[in-house]
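Notes for the one structure printed next.
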Amino acid sequence: MTKGTLLKLTTAELLQKAAAADRIAKDRDRWKGRALTAEGQLSSLRNLLRPAA
């Protein structure tokens, strides 16, 4: 969305877009945490299953 487009929105529309962006950011952060946890668990499993040298 361009600056010009944002300037044409009503206050209510701007607040709706801000709320939607906040929900998206929270959802992204939640999934990022889950992904980091899963990556750590996968790394641990790989290390356990790796043949001893």
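For this chain, numbers begin at 1 and follow the sequence in order. Note: hydrogens, waters and symmetry copies are ignored here, and every other heavy atom, side chains too, is used.
- The salt bridge (Lys or Arg N to Asp or Glu O under 4.0 Å) contacts involving residues 13-22 comprise D22-K26, where partners must be two or more places apart or lie in separate chains.
- Note on D27 versus R30: salt bridge recorded, some NZ/NE/NH1/NH2 to OD/OE distance being below 4.0 Å.
- Within the structure, the side chain to side chain donor-acceptor pair (under 3.5 Å) test picks out no pair touching residues 33-44 (sequence neighbours left out).
- Partners of N47 by side-chain hydrogen bond (donor to acceptor under 3.5 Å, both in side chains), not counting sequence neighbours, listed by chain and number: R50.
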